[in-house]
Number of protein chains: 2
Amino acid sequence: MNLETKYWHLHNHKLMNVLSSAELKEICLITNFKTAKKGEIIYFSHDESSRVYTLKRGTIKIVEIDAKGNEIVKDILQEGDLFGQFTLTDETLDEYAVAMSDYITCCSFRLDDFEKVIERNPALALRYTKWMGFRLKRLENRYANLVFKDVRSRLISFLKDWATKEGSNNNNEIILKNYLTHQDIASLICSTRQTVTALFNDLKEKGALDYSRSEIIIKNMTLLT
Amino acid sequence: MNLETKYWHLHNHKLMNVLSSAELKEICLITNFKTAKKGEIIYFSHDESSRVYTLKRGTIKIVEIDAKGNEIVKDILQEGDLFGQFTLTDETLDEYAVAMSDYITCCSFRLDDFEKVIERNPALALRYTKWMGFRLKRLENRYANLVFKDVRSRLISFLKDWATKEGSNNNNEIILKNYLTHQDIASLICSTRQTVTALFNDLKEKGALDYSRSEIIIKNMTLLT
DNA sequence: AAGTAAATGTCGGCTAAATGACCAAATGGA
DNA sequence: TCCATTTGGTCATTTAGCCGACATTTACTT
């Protein structure tokens, strides 16, 4: 298997496609692969040094656990997304990634190797910088949401976001292929399973949407309030 | 006034001190100054393009307002800190900076000019990258705090943070020069004035701290729970 | 020194939403 | 096909902490 084939996904990556083939090889040499099945925990072993990961295939969630064992889903990531430890921090949070689809593949490199490449590649640096800016922005929005809005509005803006990102339109209805349980959604919007279930049923009654375990159908955007 | 004098603070800046004098001039040419008095609102005019600011002197707070006019303090910044619009976003949040000390000075450059410099300066790029990483980390912590902890623990970890950052030690007591009102603290930890006041009095009763309007004295760290 | 504005103190009522407990339905594996 | 596990549905109870409303204290101005 030659490099170009093995690492095609780096070529297509939103961050990586500013790199020349030569530079790509450089990263490739320091690249590691990992695979995992549904439900498996993927990473954040505290012993090895900081690593950055790119998700090649599948869907994962980034989860944080507090002292009492409550979990909060920090992010849902899909093909092409980056995750991992971008800062060298001693305080190792109880944070890890869980595979949500049947088979996921990701590859990783050490943060300091990545930084070396960045240092020699300003264009990549700029891209990386912008990408971080977007992450920051998104987190800021989530934070503001949490502070300002009640659970109902959080759920609704979550659904709307989801719809614009992944919704497939079907004569006035937006269909969301659903890989999240009410529990997942709850911890994404910082609420509880029961509350989410209740809200879903309320929205269903009002004719705003319909849902099963495998999909959510938004029937009427204007009723989604 | 020559450039070297006028822009001394760029030389000392944690981000900028990797720049050569020549490169510095380049940024300087596209630099703008602003000053403001206590209480004045500094920036975020929606008409001009994205700008990055560095705070030369004083203390400011970054504030966001929601529809109902509730304000949330997103950050307290001091000399040397960077703020502004790091991403080119259309959705202009209701966000602005307010001067908290008597006289503040900051200077700014257009984001795209800044980016041009970054693109030609890998060392700066790497620094900028790391700096953003820290911002991200900090916000993540705040987010997790908000989700996991109650108001009391949020206040306490806020005080502890503050103490390690700015506390001056005085025979077993840590003194914090206080420029924040209970209202400010409340909106920093996402609570209300009344609750913060009540908690402060409770901590005072327990002998953990003492306070006036101008300072907070942490008398016993172990009682701060 | 007096007057005013801003910051703190205190309290009871109120409510969104968490919690816990239990049951029903769906899913998937053997 | 059956059984076990996961997911969803519902309700009664509890609670943290928000929200006025008002009194008191501190700081600033003239």
Side-chain angles (χ1 to χ4, degrees), chain A residues 37-40 61 66 68-73 98-102 145-156 158 176-206 209-217 225, chain B residues 37-39 61 66 68-73 98-102 145-156 158 176-206 209-217:
Chain A
K37 276 174 263 176
K38 195 170 184 171
E40 240 179 286
K61 61 177 172 184
D66 78 342
K68 286 172 214 137
N70 306 310
E71 84 166 21
I72 153 184
V73 176
V98 181
M100 300 197 74
S101 47
D102 279 359
N145 257 352
L146 192 50
V147 176
F148 289 140
K149 296 185 183 171
D150 59 9
V151 175
R152 189 189 187 83
S153 350
R154 291 209 299 275
L155 177 62
I156 284 164
F158 170 76
L176 294 170
K177 204 173 76 65
N178 183 25
Y179 42 87
L180 299 172
T181 67
H182 288 186
Q183 178 61 66
D184 286 327
I185 295 174
S187 72
L188 268 169
I189 63 172
C190 298
S191 179
T192 53
R193 210 213 81 226
Q194 294 92 320
T195 308
V196 168
T197 303
L199 283 171
F200 260 100
N201 281 317
D202 181 67
L203 289 169
K204 188 192 204 169
E205 248 173 52
K206 295 215 165 85
L209 53 75
D210 222 331
Y211 70 100
S212 71
R213 289 195 187 184
S214 52
E215 61 180 12
I216 297 168
I217 303 163
T225 49
Chain B
K37 276 174 264 175
K38 194 170 185 169
K61 59 177 173 183
D66 79 342
K68 287 173 212 135
N70 305 311
E71 83 168 23
I72 154 184
V73 176
V98 181
M100 300 196 75
S101 48
D102 279 359
N145 257 353
L146 193 50
V147 176
F148 289 141
K149 296 185 184 173
D150 59 9
V151 176
R152 188 188 187 83
S153 350
R154 291 209 300 275
L155 177 63
I156 284 164
F158 169 76
L176 294 170
K177 206 174 75 68
N178 182 25
Y179 41 87
L180 299 172
T181 66
H182 288 184
Q183 177 62 67
D184 286 326
I185 295 174
S187 72
L188 269 168
I189 63 173
C190 297
S191 178
T192 54
R193 210 214 81 227
Q194 293 94 319
T195 308
V196 168
T197 302
L199 283 171
F200 260 101
N201 281 317
D202 181 67
L203 290 170
K204 188 190 203 169
E205 248 173 52
K206 295 215 166 85
L209 53 75
D210 222 329
Y211 70 99
S212 70
R213 287 193 189 185
S214 52
E215 60 179 11
I216 297 168
I217 304 165

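A note on names: the letters A, B, ... follow the listed sequences, proteins ahead of strands, and every chain is numbered from 1.
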Exercise for the section: Examine C/dA26: is either OP1 or OP2 under 4.0 Å from a nitrogen or oxygen in the side chain of A/Ser212? Give yes or no. Expected result: no
Handout entry: Backbone N/O of A/Lys149 and side chain of A/Ser153: donor-acceptor pair under 3.5 Å
Key = no
Handout entry: Distance below 4.0 Å between A/Thr197 side-chain N/O and D/dG8 OP1 or OP2
Key = no
Completion exercise
Rounded to whole Å, NZ of B/Lys204 lies from P of D/dT25 at a distance of 12 Å
Handout entry: Between D/dG17 (C1') and B/Asp202 (CG): distance, integer Å
Key = 14 Å
Exercise for the section: Take the protein atom CG of A/Asp150 and the nucleotide atom P of D/dC19, then report the distance between them rounded to whole Å. Expected result: 12 Å
Practice task
For A/Phe200 and C/dA26, give me the distance from atom CZ to atom P, rounded to whole Å.
Solution key: 17 Å
Practice task
Give a yes or no answer on whether the side chain of B/Arg152 reaches the backbone of B/Leu199 with a donor-acceptor pair at less than 3.5 Å.
Solution key: no
Problem - A/Tyr211 side-chain N/O to D/dG9 phosphate OP1/OP2 under 4.0 Å - result: yes
Practice task
Using whole Å, report how far CD of B/Gln183 lies from C1' of D/dC19.
Solution key: 13 Å
Practice task
Answer yes or no: does a side-chain N or O of B/Ser191 lie under 4.0 Å from OP1 or OP2 of D/dG17?
Solution key: no
Practice task
Round to a whole Å and report the spacing from CG of B/Leu155 to P of D/dA16.
Solution key: 17 Å
Problem - salt_bridge(B/Lys206, B/Asp202) N-O dist < 4.0 Å - result: yes
Problem - Distance-only donor-acceptor test, A/Arg193 side-chain atoms vs C/dT19 base atoms, 3.5 Å - result: no
Exercise for the section: Provide, to the nearest angstrom, the distance between the CG atom belonging to B/Asn178 and the C1' atom belonging to D/dA27. Expected result: 15 Å
Practice task
Output yes when at least one side-chain N/O atom of A/Asn201 is less than 4.0 Å from OP1 or OP2 of D/dT10, else no.
Solution key: yes
Problem - Nucleotide of D/dT25, C/dT19, D/dG8 approaching B/Arg213 most closely (side-chain heavy atoms) - result: D/dT25
Completion exercise
Side-chain atoms of A/Val151 come closest, of D/dC18, C/dA17, D/dT26, to C/dA17
Problem - Rounded interatomic separation in angstrom, taking CD1 from B/Ile72 and P from D/dC18 - result: 13 Å
Handout entry: Residue pair B/Thr195 / B/Thr192: nearest heavy atoms and the distance that separates them
Key = OG1-OG1, 2.8 Å
Exercise for the section: Could you tell me whether the side chain of A/Arg154 and the main chain of A/Ile189 form a donor-acceptor pair under 3.5 Å? Expected result: yes
Problem - Donor-acceptor pair under 3.5 Å, B/Gln194 side chain vs C/dG9 base - result: no
Practice task
Would you please confirm or rule out a distance under 4.0 Å between OP1 or OP2 of C/dA18 and any side-chain N or O of A/Thr195?
Solution key: yes
